[in-house]
Structures are given as structure tokens and as C-alpha cells.
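Step one of this worksheet: look at the structure below.
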Amino acid sequence: LDGSCLYPIMQDVWVSPIGNNDNSGLDQENAFKTLAFAIWKIAQSEENPYTIHLTEGIYSQSNSGEEFPIILKSHVNIVGYGDTLTILDAESTDRVFTMEDCDNNTISGLTITGGLAEGEGSDNTGGGLSIRNSNPLLTNMTIIGNTGGSGGGIYVAHSDASISDVIITGN
């Protein structure tokens, strides 16, 4: 009754760098502000996978308050407006995406940049994306300007990733 309870969302949601995490997220006009928040709010399952639609803009700590790394969950798709219009930029603070033990994910229509993976072991892999024991589809995207000891742009281990129409390059 006091508004402190959180109710999971069981449908596709929208995120915009000019959105607000107090919004419903149910359409573009009422978009959430951060991708990490949207991932936490949706109640996806194998029977009910959901898509998070990212509007055009730059998703970064300094621009939208995005926190990195973004930890992906199974049965969640991330779809942007295109690699020149939707940009996730970790601003060299951390890795952009971590995907571990995930099933049934698609990431498309965006640019991943500014990722930094440093440290020991797996912390030093995949500045843009670190994919372990997962089976994502990566399509129609650009991975550029990320740094890591192994796989600066993308690191894939023990996974069945499908990658198509993806540009991966250094700075």
C-alpha cells in the first residue's frame, strides 16, 4: 500500500537516456532511464522471453546514469534503433555486458564501446562483451573501442554464440 513493493513487469519494455526509472517502461513515452534497471524489473521466463527496446541516444554513466557492467539474464533481448543511433558507452569504467549461463538472448541494433576489462582471470576478458556458457545471437551491431587482456571487444568461452552482421574493431 505504501508503494514500497515491487511488481515485476511481464511484457516488453522501453528504455531511453531521457527516460525516468519511476516511469512504467511500457512504451516509448514512458521509458525507463537505464538498461540495468529494466533488466531487473522484467519477469521473463523460457516460455515468456521479453525484449527491451533501447531508443536512440547514448547510454553511459555521464549521460544517462547507466551502471556497468550490464549483467544480462536468460530470455531477455536487447534491441536498439541501429548501431549509429543507439550507443552503450562504459566510458572505460568497466565491461559493457556480462553474459554468463544465459539462454535465448538476442542483442541487436546498437554499438558497444568504451568497455574496459582489467584484473585477473575472467575479469581481464571481453571489454565489450564477456560471454560464458551462453548461446546468444548478436546481429546488426558494432563493437568498437573496447579494451581487455583477452578479447578486448568480445570474449566467448564455452558458448554457442551466433554472430552475424557485426563489426568488431579496436580504437
Side-chain angles (χ1 to χ4, degrees), residues 6-17 19-61 64-83 85-90 94-115 117 122 125-143 146 151 153-166:
L6 298 175
Y7 298 96
I9 297 172
M10 294 186 287
Q11 69 180 66
D12 294 351
V13 296
W14 291 84
V15 178
S16 169
N20 187 315
N21 284 342
D22 291 330
N23 287 343
S24 68
L26 300 181
D27 57 39
Q28 190 171 354
E29 291 75 35
N30 295 290
F32 293 131
K33 187 172 184 100
T34 64
L35 178 55
F37 183 81
I39 290 171
W40 177 72
K41 286 291 287 186
I42 59 175
Q44 82 296 346
S45 67
E46 184 174 359
E47 297 78 28
N48 296 300
Y50 294 116
T51 297
I52 299 173
H53 301 276
L54 301 178
T55 66
E56 63 182 82
I58 298 172
Y59 296 81
S60 65
Q61 178 64 43
S64 65
E66 191 67 64
E67 296 289 328
F68 296 95
I70 296 167
I71 311 296
L72 205 53
K73 302 187 300 187
S74 291
H75 316 297
V76 174
N77 303 310
I78 310 294
V79 177
Y81 271 46
D83 64 345
L85 299 174
T86 305
I87 300 166
L88 276 74
D89 186 352
D94 211 322
R95 172 183 295 125
V96 179
F97 276 108
T98 298
M99 185 181 299
E100 194 165 319
D101 300 317
C102 287
D103 291 316
N104 190 24
N105 300 99
T106 297
I107 301 175
S108 68
L110 51 88
T111 288
I112 295 173
T113 190
S122 64
T125 60
L129 292 106
S130 178
I131 301 171
R132 295 176 185 281
N133 303 311
S134 300
N135 63 353
L137 169 60
L138 308 177
T139 185
N140 299 315
M141 54 193 288
T142 298
I143 303 170
N146 299 283
I154 184 171
Y155 181 84
V156 180
H158 310 290
S159 297
D160 186 18
S162 294
I163 301 172
S164 91
D165 296 318
V166 176

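We're numbering straight along the sequence, starting at 1.
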Expected output: side-chain Asn140 to main-chain Gly82 donor-acceptor under 3.5 Å = no
When rounded to the nearest 0.5 angstrom, what is the spacing between CD1 in Ile112 and CZ in Arg95?
-> 12.0 Å
Heavy atoms only: give me the nearest Ser74-Cys102 pair and the separation to one decimal.
-> OG-CA, 3.2 Å
From Ile70 atom CD1 to Leu72 atom CG, the distance as rounded to the nearest 0.5 Å | 9.0 Å
For the student: nearest non-hydrogen atoms of Ile87 and Asp83, plus distance | CG1-O, 4.3 Å
Counting distance only, does the side-chain N/O of Thr86 pair as donor-acceptor with the main-chain N or O of Leu110 below 3.5 Å?
-> no
Smallest separation among heavy atoms of Asn30 and Ser24, with atom names = CB-OG, 3.5 Å
Counting only N and O atoms by type, is there a donor-acceptor contact under 3.5 Å from the side chain of Ser159 to the main-chain atoms of Ser134?
-> yes
Decide yes or no for Leu138 and Ile131: does some side-chain heavy atom of the first lie under 4.5 Å from some side-chain heavy atom of the second?
-> yes
If every non-hydrogen atom of Gly128 is compared with every non-hydrogen atom of Val96, which pair is closest and at what distance?
-> O-CB, 3.2 Å
For Pro8, does its backbone N or O pair with a side-chain atom of Lys41 as donor and acceptor, under 3.5 Å?
-> no
List the steps and the verdict of side chain to side chain contact (heavy atoms under 4.5 Å, CB included) for Thr125 and Arg132.
-> CA-CA 11 Å; Thr125 60; Arg132 295 176 185 281; 2.9 Å; yes
Where is the tightest heavy-atom contact between Gly115 and Ala90, given as atom of each residue plus distance?
-> CA-CB, 4.0 Å
With side chains defined as the heavy atoms from C-beta onward, is the minimum distance between Glu29 and Asn23 less than 4.5 Å?
-> no
Would you say Glu46's side chain and His75's backbone share a donor-acceptor pair under 3.5 angstrom?
-> no
All side-chain contact (heavy atoms from CB on, under 4.5 Å) counterparts of Gln28, not counting sequence neighbours = Trp14, Thr55, Tyr81
When rounded to the nearest 0.5 Å, the distance separating CG of Asp160 from CG of Asn135 is 6.5 Å
Hey, are the side chains of Ile39 and Ile52 touching, using non-hydrogen atoms and a 4.5 Å cut-off?
-> yes
Compare every heavy atom of Gly57 with every heavy atom of Pro17, then report the nearest pair and how far apart it is.
-> CG-CA, 3.8 Å
Under a 4.5 Å cut-off applied to non-hydrogen side-chain atoms, are Ile107 and Met141 in contact?
-> yes
Counting distance only, does the side-chain N/O of Lys73 pair as donor-acceptor with the main-chain N or O of Ile42 below 3.5 Å?
-> yes
Are Val76 and Asn105 side-chain neighbours, meaning at least one heavy-atom pair lies under 4.5 Å?
-> yes
For the residue pair Gln61 and Glu67, establish whether any side-chain heavy-atom pair is separated by less than 4.5 Å.
-> yes
Rounded to the nearest 0.5 angstrom, the CD1-OG1 distance for Ile58 and Thr111 is 10.0 Å
With rounding to the nearest 0.5 Å, note down the distance linking CZ in Phe97 to CG in Leu88.
-> 5.0 Å
Look up atom OH in Tyr50 and atom CE in Met10, then write down how far apart they are to the nearest 0.5 Å.
-> 6.5 Å
Does one side chain, of Asp89 or Ser60, offer a donor that lies under 3.5 Å from an acceptor on the other?
-> no
Do the non-hydrogen side-chain atoms of Thr34 and Trp40 ever get within less than 4.5 Å of each other?
-> no
Where the side chain of Tyr59 meets the backbone of Leu54, is there a donor-acceptor pair that is under 3.5 Å apart?
-> no
